[in-house]
Amino acid sequence: MITIKSPREIDVMAAAGTIVADTLQLVAQHTRPGVSTAELDDVAETFIRGHPGARPSFKGLYGFPKSLCTSINHEVVHGIPARDRVLREGDILSVDCGVQLEGLHADSALTVPVGHVAEDVQRLLQVTQEALDAGLAQATVGNHVGDIGHAVQRIAEAARFSVVRELVGHGIGTSFHEEPQVPNYGKPKRGVRLTRGMTIAIEPMINMGRPEIRTLDDKWTVVTRDGSLSAHFEHTVVVDEPGPRILTLATAGVKT
Ligand code: MG
Ligand code: MG
């Protein structure tokens, strides 16, 4: 079922979204060679729980054990923070974070370079962010879910990167994952029609090589089948007039 949120619910989701975005900025600041993903998870959980009523959405969601998903290099999403996963110069780290506040969720992700990364890797991050921006711009009243996917796909494939098909964006609200599904590919004017007050998470996962993925034996970590690098950027947005409103913006208003 697709739910339409009230202005009050949207305000709560924006408050949750600010905590998410500030958490991601804090984690990005702590991301450097020699740091383990478990340390970053600790920083995030402490920061989130420092806000009255806020808790990490991911902890316990479908049994996930940690507050962040941390996915390194060819890991696409759902990597589990661990003490023995230590970042190295030239890695990329995808950080995904959700916060629940007053029964409502917000969800955002970004991919950060660890120290200096190669030029083509930097380009993967930039193109994925541009693909997200293009998708967000389509989240307008009267457009369709297919307009979002088409915009994301066009940017990614024009850069000769590929779009992960099996994992998609989603509606979000009182449940972390709600309808509709929001694929990162599609055709204009196809799929669910967007109406005012719908809240969705748009989250392109873009691979440098081929689009196929698989899940590791830990039952969580999703990796590219060909071992190529993958980037992930995500915002939670409300479909509104005159245009979409991003709910996962950091306190300073700086886009993470
Ligand atoms: Mg997410
Ligand atoms: Mg999401």
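Counting from 1, the numbers follow the sequence of the chain as shown. In listed order, ligands and their atoms are each counted from 1.
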Parallel, tilted or perpendicular: rings of Tyr62 and His177 (30°, 60°) |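 If you compare the ring of His177 with that of Tyr62, the planes turn out parallel.
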Single hit among Lys66, Arg55, Lys59 for salt bridge (Lys or Arg N to Asp or Glu O under 4.0 Å) with Glu45 =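 Of all the options given, the one that passes is Lys59.
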Not counting sequence neighbours, which residues clear side-chain hydrogen bond (donor to acceptor under 3.5 Å, both in side chains) with Lys189? List them please.
->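 Here no residue qualifies.
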Exercise: do Gln29 and Gln25 side chains pair donor with acceptor under 3.5 Å =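 No, Gln25 and Gln29 have no side-chain donor paired with an acceptor closer than 3.5 Å.
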Using a distance threshold of 2.8 Å, what protein N/O/S atoms lie below it relative to the Mg ion (ligand 2)?
->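 Metal shell, protein only: Asp107 OD2, His170 NE2, Glu203 OE2, Glu234 OE2.
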Note, Glu234 side chain near Met205 side chain (heavy atom, < 4.5 Å) |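 Side chain of Glu234 against side chain of Met205, heavy atoms only: no contact under 4.5 Å found.
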Salt-bridge contact Arg83-Asp42 (side-chain N to carboxylate O under 4.0 Å) |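 Counted as a salt bridge, because a side-chain N and a carboxylate O are separated by less than 4.0 Å.
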